[in-house]
Structures are given as C-alpha cells and as structure tokens.
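Written out below as structure tokens is the structure these notes cover.
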Amino acid sequence: MILGKIVGTVVSDIRNDGIAGASYLLVDKCNQRGEKKNDIIVALDLVGAGYDEVVMIAEGSSARETEITLNKPMNAIIVGIIDLIDEMGQVVYKKY
Amino acid sequence: MILGKIVGTVVSDIRNDGIAGASYLLVDKCNQRGEKKNDIIVALDLVGAGYDEVVMIAEGSSARETEITLNKPMNAIIVGIIDLIDEMGQVVYKKY
Amino acid sequence: MILGKIVGTVVSDIRNDGIAGASYLLVDKCNQRGEKKNDIIVALDLVGAGYDEVVMIAEGSSARETEITLNKPMNAIIVGIIDLIDEMGQVVYKKY
Amino acid sequence: MILGKIVGTVVSDIRNDGIAGASYLLVDKCNQRGEKKNDIIVALDLVGAGYDEVVMIAEGSSARETEITLNKPMNAIIVGIIDLIDEMGQVVYKKY
Amino acid sequence: MILGKIVGTVVSDIRNDGIAGASYLLVDKCNQRGEKKNDIIVALDLVGAGYDEVVMIAEGSSARETEITLNKPMNAIIVGIIDLIDEMGQVVYKKY
C-alpha cells in the first residue's frame with residue numbers, strides 16, 4: 001500500500017461507477033514523514049478521512065474488496081487513517 | 001484513479017476487443033489543475049466525454065467492471081467527467 | 001491502454017505459457033505521433049501487426065481476456081492496429 | 001516480486017481492511033545489496049520480519065492469496081525474509 | 001511482458017508462499033540487446049533459466065496462471081528463455 005495526504009475533493013456528476021454518494025478525495029502521495037510528493041491521485045474515501053491527514057491507500061483490484069466497491073470500476077480506495085509512523089524507533093509522523 | 005484530459009480520438013479497425021462501436025479517446029494525464037503532463041494513454045469512453053474535459057480513469061482489472069467491458073481485454077476506461085476539483089478549500093479546476 | 005510501435009520479433013523455444021505457436025513481438029512504447037520512447041516490452045500478437053505499425057496494447061489481467069490467452073501467464077497483448085490518431089482536430093498519426 | 005528493507009512501523013486505528021491485529025510495516029525498496037532507495041511503501045507482515053531485514057514483497061492481487069488476506073483490500077504483503085542474495089556467484093547480501 | 005537478464009539467486013527460508021522448493025532468481029531488467037538496466041526484481045523460475053540468459057517475465061496476476069503458482073502470493077515468474085531477438089530485421093540478441 002502507499003501513503004498519501006488528503007489535499008482536496010473531486011466532484012463528478014456524470015459517472016459510471018454505480019456508487020451513489022461516492023466521496024472522491026484528492027490525495028497527494030507522501031513519504032513516511034507526511035511530506036507531499038506533488039503526485040496526485042483520486043481515491044474513494046470509505047473511512048471519513050479529513051484534510052491534511054495521512055492515509056493508507058489500496059490500489060488495483062484490491063480496491064474492490066469492500067462491500068461498497070465490490071464489482072465496481074474502482075482502483076484506489078482509502079483503507080486506513082494513519083495515527084503514527086515510526087522509523088527506526090523514532091516517531092516521524094503523528095496525527096495531530 | 002488518475003486524472004486525465006481528453007485530447008483526441010483513436011481509430012482502430014482491426015481490433016480484438018469484442019466491443020462493437022467502441023469509442024477510444026486519447027487522454028493526456030493531468031494534475032489537479034487540469035495541466036497536462038504530456039503522458040498519453042488510450043481509454044475507452046463510456047460517459048461521453050468531450051475535448052478538453054478532465055476525467056477520472058479506472059485502470060487495470062477495474063476497467064472490466066462495467067456491463068460493456070465485462071470479460072473484455074480492456075484496461076483503461078473513463079469512469080467520470082470531473083465538474084470541480086477543490087484543493088485545500090480553493091477551486092483549482094472547474095468544468096467550463 | 002498504451003500505444004506502441006512494432007519494432008521486432010522475439011523467439012523463445014523453452015516456454016511455460018501453454019500457447020502453441022505464440023507470436024511475440026518486440027514493441028517500443030510510443031506517443032500519439034508514433035514517436036518511439038525507447039522503452040521496450042514484449043507483447044503477444046493476436047491481430048497480425050506488422051513492423052512500424054502503431055498498436056494498442058492491453059496490459060495486466062486484461063491480457064487474459066481472449067480465447068487464446070484465457071488462464072495463460074500472459075500480461076501484454078496487442079488489442080488493435082491503429083489506423084488514425086487525431087489530436088485536437090488534427091491528424092497526428094495515420095497508418096501508411 | 002520486489003526487494004525491500006524494513007525501516008519502521010505504521011499504526012492505524014481507523015481502518016477498513018477487516019484484518020484484526022494487522023501488523024503494517026514501513027518498507028523502503030532496496031537493491032540486491034540491501035541498499036535503500038528512499039522509496040517507501042507499506043506492507044502487511046505475515047512472516048515476522050524485523051528492522052533492517054531484507055524481505056521479498058508480493059504486490060497487487062497476489063497479496064490476497066493467503067488465508068489472512070483473502071478477499072481483503074490489501075495489495076502488498078511480505079512473502080519471505082531473505083537470508084542470502086548471490087549475484088554472479090558472489091554473496092552481495094547476507095542476513096546478519 | 002518484460003525482458004530481464006538472470007544475474008543471481010535469492011535464498012529465503014522463512015517464507016509464506018506455500019511453494020516447496022521454489023527457486024527465486026535475481027533478474028535485472030534489460031533492453032532488446034540484453035543490456036542490463038540496473039533495476040532488479042525477484043522472479044520465480046519455472047523454466048530452468050541460467051546466469052546471463054535473457055528471459056521473458058510475466059508480472060501481476062498472470063504470474064499465478066501456472067499449476068505451481070495457482071493461488072499463491074506470487075507476482076513475477078519467468079515464462080520463457082529467449083533464443084533470439086530481431087529488431088527491424090537485424091538480430092540484436094542471440095542466446096550463446
């Protein structure tokens with residue numbers, strides 16, 4: 001899975017995803033310290049992530065392995081909100 | 001999912017995709033402001049996207065999760081036309 | 001799907017793909033004008049593509065969605081021969 | 001599969017993965033000598049890997065092919081702890 | 001599929017792949033002339049490839065489409081040993 005930071009929202013009315021009320025977030029890939037890479041993807045939010053939070057994203061077919069995304073044309077979902085990242089015994093990211 | 005901008009059309013008569021009347025569009029990957037990256041892919045259009053529109057693209061096996069693409073050798077489809085992208089509370093892209 | 005140009009042939013006798021008489025082509029990824037990127041992949045040819053032709057390639061699990069490749073360890077097939085690519089109303093590639 | 005070095009731990013309480021007690025590790029991709037590439041991913045640990053160990057990672061849908069990850073939104077798992085890597089007859093990495 | 005050159009062996013005792021006696025090789029991605037890219041992956045060998053041979057690798061879920069890898073967490077296998085690569089009518093690689 002990759003790490004990303006929530007930086008915005010994507011609104012799309014004409015869609016073909018079969019998911020009513022889907023919430024698409026703008027996610028910038030980031031490193032273990034939450035530093036953004038300026039490499040944007042769009043991910044479906046299933047955990048209620050908020051701006052500036054670091055999240056874990058499942059990509060590919062794994063993004064369909066939830067009740068909501070089963071058999072949907074979806075290839076990036078937010079799987080978890082990160083609370084803390086430890087690197088070699090040192091806390092390098094902590095949710096504020 | 002990734003963002004892309006519609007920049008053209010692809011015509012292919014000798015095909016092996018089993019989709020009659022398939023509409024393939026030329027899509028340039030773009031960032032959240034709709035700025036093109038000069039990184040072209042070809043995607044099947046299922047939503048009627050037009051030139052210069054920013055769209056959301058599903059890649060990989062997820063591209064087969066629609067009635068038309070089920071069990072077809074298809075790995076990139078246009079899932080939605082983007083109306084608006086908000087970045088940190090600011091509108092950075094709006095469909096004209 | 002990605003675009004590629006046929007640049008050669010790959011011969012392999014000791015194979016594990018379960019496809020008798022498989023024709024593997026050397027494909028250089030290219031842009032919408034057919035300009036090669038010097039980024040080579042190998043793809044199974046199912047449409048009879050010839051040297052210097054621009055083709056559309058399906059990658060990943062989608063490459064198995066044909067009668068010949070079903071349940072085979074194959075992750076790149078040529079899905080269509082491109083006749084014409086139009087970019088913003090201008091023909092940028094045309095099969096000669 | 002790719003090689004990576006364990007560099008840390010990721011804690012996430014609000015998750016959508018359906019895996020109780022999942023252990024997510026911070027992995028830096030590395031080369032055959034165990035030299036880190038500063039390219040971080042997050043992988044589920046199923047083999048009890050420790051800090052500074054080089055591991056083999058399965059990505060994509062293959063990450064769901066274990067009892068624990070079956071039908072879970074998981075796309076990177078640690079498949080093996082590397083003991084030794086030999087390059088052209090020379091040992092270039094050895095677990096200490 | 002991609003091309004790679006066999007450059008070594010990977011030994012891993014603590015594994016989670018369910019494959020007894022699996023032979024993992026160190027593969028450096030290469031171009032059509034067999035020139036290495038210094039971009040290492042690990043692939044399961046099912047064809048008995050030897051050092052310095054150029055091989056064809058299936059990645060992703062396609063790597064599970066063999067009797068040995070069926071339902072295993074495996075995402076890169078060696079599918080064929082390359083005998084000859086022809087580029088625009090000229091032999092650019094030949095197995096010695």
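Below, read A as the first sequence line, B as the second, and so on, with proteins coming before strands; counting in each chain starts at 1. Keep in mind it's a predicted model, so treat the numbers as computed, not measured.
The contact between Ile41(C) and chain E is made by backbone and side chain atoms together, counting heavy-atom distances below 4.5 Å.
Of all heavy-atom pairs spanning Glu65(E) and Lys72(C), the tightest one is CB-C, 3.6 Å. Looking at every heavy atom in both residues, Asp83(E) comes nearest to Ile14(C) through OD2-N, 4.4 Å. The shortest heavy-atom contact between Pro73(C) and Ile77(E) is CB-CD1, 4.0 Å. The two residues Met88(E) and Tyr51(C) have their closest heavy-atom pair at CA-CE2, 3.6 Å.
Separation of atoms CG (Asp17(C)) and OG (Ser62(E)) is listed at 11.5 Å; rounding is to 0.5 Å. Between the CD1 atom in Ile40(C) and the CD atom in Gln32(E) there is a gap of 4.0 Å [rounded to 0.5 Å]. Summarising the geometry, atom CG belonging to Asn71(C) is positioned 11.5 Å from atom OG1 belonging to Thr66(E); distances are rounded to the nearest 0.5 Å. Note that the NZ atom of Lys37(E) and the CG atom of Asp39(C) stand 5.5 Å from one another [nearest 0.5 Å].
With contacts defined as side-chain heavy-atom distances shorter than 4.5 Å, the pair Val47(E)/Arg15(C) does not qualify. Residues Leu3(E) and Leu26(C) are in side-chain contact: their nearest non-hydrogen atoms beyond the backbone lie under 4.5 Å apart.
When the candidates Ile85(E), Leu84(E), Val54(E) are compared by the number of heavy-atom contacts under 4.5 Å with chain C, Leu84(E) comes out ahead.
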